[in-house]
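What follows is a single structure, written as structure tokens, with notes after it.
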Number of protein chains: 2
Amino acid sequence: MTVDEDQARFLRCIGEPTRLQILKLVAEGDRYVGELAEILNKEQSLISHHLRVLKECNIVKDKQEAQKVYYRIMDDRLAKLITEIEALMIELSLCKCQQ
Amino acid sequence: MTVDEDQARFLRCIGEPTRLQILKLVAEGDRYVGELAEILNKEQSLISHHLRVLKECNIVKDKQEAQKVYYRIMDDRLAKLITEIEALMIELSLCKCQQ
DNA sequence: TCTTTATATGAACTATAATTCATATAAATA
DNA sequence: TATTTATATGAATTATAGTTCATATAAAGA
């Protein structure tokens, strides 16, 4: 496993629209699975699958409270990074990924 | 097309090991297709396909000189971003993607 | 103009990832 | 302990993306 492969995997991990939405939500504060599913209007199992991907990449962590499982972003610097990427994309008019 | 979809697409665009390697090379200076293929030990057509993906996302630009086509990164801030992502990943011990 | 060199392209194939559905697990409560 | 609530999981399906191969295009030089 090279550094480039690792970095690419990380980028693909956050490079999925639903996961990106999840990340932006759990960057603001703890959210439980059902809450995320409702907000994003997606099936619970789908959200669960995406959360597993994020967790396996150490991008989020979870904490069980009663029946609910709360997720949060692993580190605020990740949230900051995502914000910076978005800002740069806008600044550079990137990836209206034409057509 | 939402912002999240756009951002996710951009992240997937750079989230492929060979494209990431290409980006790091063309961040240092202009490179022509055959050169990239040789350095990365990949087929010319494969590199060409990847370059097209990067170009369609406005991440690289090209310039023809005689028969050769030179590629470079669209903006130095993109190179800087990639460096920062790598640095943060190392700092956070992210994505040894422990399966 | 014929040949060589460099790159791009499209189709076919292969691999990877996302989604759905049914169901399992497990905690809380009646 | 039977039921409800919340989440996770695995298999099957579908969608997306990467790779290869053959070939097209186009510039340069013999």
Side-chain angles (χ1 to χ4, degrees), chain A residues 1-2 4-23 25-26 30-57 59-72 95 97-99, chain B residues 1-2 4-23 25-26 30-57 59-72 95 97-99:
Chain A
M1 176 74 59
T2 70
D4 288 330
E5 282 169 333
D6 246 12
Q7 188 174 4
R9 194 189 303 266
F10 167 75
L11 291 165
R12 282 197 307 276
C13 199
I14 64 175
E16 198 285 329
T18 302
R19 285 199 290 270
L20 204 49
Q21 288 182 302
I22 290 173
L23 277 180
L25 286 168
V26 300
D30 289 19
R31 297 282 195 179
Y32 63 91
V33 183
E35 204 178 2
L36 292 167
E38 202 191 353
I39 294 171
L40 300 176
N41 195 32
K42 298 270 162 69
E43 284 188 22
Q44 173 270 321
S45 66
L46 180 58
I47 298 301
S48 203
H49 280 304
H50 280 311
L51 284 167
R52 185 167 49 82
V53 173
L54 290 169
K55 192 181 165 188
E56 279 174 354
C57 274
I59 294 171
V60 300
K61 57 185 169 184
D62 61 345
K63 183 177 64 159
Q64 179 137 16
E65 272 182 30
Q67 308 112 300
K68 292 176 182 169
V69 180
Y70 285 84
Y71 283 82
R72 68 171 64 181
C95 245
C97 271
Q98 48 279 70
Q99 84 268 350
Chain B
M1 178 71 61
T2 69
D4 289 329
E5 282 170 334
D6 246 15
Q7 188 173 4
R9 195 189 302 268
F10 167 74
L11 290 166
R12 284 196 306 275
C13 198
I14 64 175
E16 200 284 326
T18 302
R19 286 200 289 270
L20 205 48
Q21 287 181 302
I22 291 173
L23 278 181
L25 287 167
V26 300
D30 289 20
R31 297 282 194 179
Y32 63 91
V33 182
E35 204 177 3
L36 291 167
E38 201 191 355
I39 294 171
L40 300 177
N41 195 32
K42 298 270 160 70
E43 284 187 21
Q44 173 271 320
S45 66
L46 180 58
I47 298 300
S48 202
H49 279 303
H50 281 309
L51 284 168
R52 185 167 50 80
V53 173
L54 290 170
K55 192 181 167 189
E56 279 175 355
C57 275
I59 294 172
V60 301
K61 56 186 172 183
D62 62 343
K63 184 176 64 162
Q64 179 137 18
E65 272 182 31
Q67 310 111 299
K68 292 177 184 169
V69 180
Y70 285 84
Y71 283 82
R72 67 170 65 181
C95 246
C97 271
Q98 51 279 73
Q99 55 280 354

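This is a predicted model, so every value here is computed, not measured. Every chain is numbered from 1 and lettered A, B, ... according to where its sequence line falls, protein lines coming before strand lines. All values below were derived from every heavy atom in this structure, side-chain atoms included, with hydrogens, water molecules and symmetry-related copies excluded.
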Task: Nearest-nucleotide 5' precedence on DNA chain C, B:S48 against A:A66 - done: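 Of the two residues, B:S48 wins.
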
Residue [X], side-chain heavy atoms: nucleotide from [options] that is nearest:
X: B:R12; options: D:dT5, D:dA17, D:dA8; result: D:dA17
X: A:Q64; options: D:dA27, D:dA8, C:dA27; result: C:dA27
X: A:L46; options: C:dT20, C:dA6, D:dT7; result: C:dT20
X: B:E16; options: D:dT20, D:dT7, D:dT19; result: D:dT19

From [atom1] of [X] over to [atom2] of [N], roughly how many Å is that when rounded to an integer?
X: B:R9; N: D:dA15; atom1: CZ; atom2: C1'; value: 14 Å
X: A:D62; N: D:dT9; atom1: CG; atom2: P; value: 10 Å
X: B:E56; N: D:dT16; atom1: CD; atom2: P; value: 16 Å
X: B:E43; N: C:dT7; atom1: CD; atom2: P; value: 15 Å
X: B:R52; N: C:dA11; atom1: CZ; atom2: P; value: 12 Å
X: B:L11; N: C:dA17; atom1: CG; atom2: P; value: 15 Å
X: A:E65; N: C:dA26; atom1: CD; atom2: C1'; value: 16 Å
X: B:Q67; N: C:dA8; atom1: CD; atom2: P; value: 13 Å

For [N], take OP1 and OP2 only and decide whether either is under 4.0 Å from a side-chain N or O of [X].
X: B:Y32; N: D:dA27; value: no
X: A:R19; N: C:dA18; value: yes
X: B:Y71; N: C:dA8; value: yes
X: A:H50; N: C:dA17; value: no

- [ ] Report which part of the nucleic acid A:Y70 touches: base, sugar-phosphate, or nothing (heavy-atom distance under 4.0 Å, all strands).
- [x]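 The answer is nothing, as A:Y70 stays clear of every strand by at least 4.0 Å.
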
Open item on the list: Does B:T18 reach a base, just sugar-phosphate, or nothing at all? Heavy atoms under 4.0 Å.
Closed with: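 It contacts nothing in the nucleic acid.
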
Task: Side-chain donor or acceptor of A:R72 paired with backbone N/O of A:D62 under 3.5 Å - done: no

Open item on the list: Tell me whether B:E35 contacts the main-chain N or O of B:A37 through its side chain, where contact means a donor paired with an acceptor under 3.5 Å.
Closed with: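 No; zero donor-acceptor contacts below 3.5 Å.
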
Task: First encountered from the 5' end of DNA chain D, between B:Q44 and B:H49 - done: B:H49

- [ ] Can you establish whether the number of heavy atoms outside A:E38 located under 6.0 Å from its atom CD is more than 12?
- [x] no

Task: Residues B:E16 and B:R12 bridged, charged N to O under 4.0 Å - done: no

Open item on the list: Within 45 degrees of the ring normal and closer than 6.0 Å to the centroid, is that where the cationic atom of B:K63 sits relative to B:Y70?
Closed with: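 Relative to the ring axis of B:Y70, which defines the angle, B:K63 lies outside at least one limit.
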
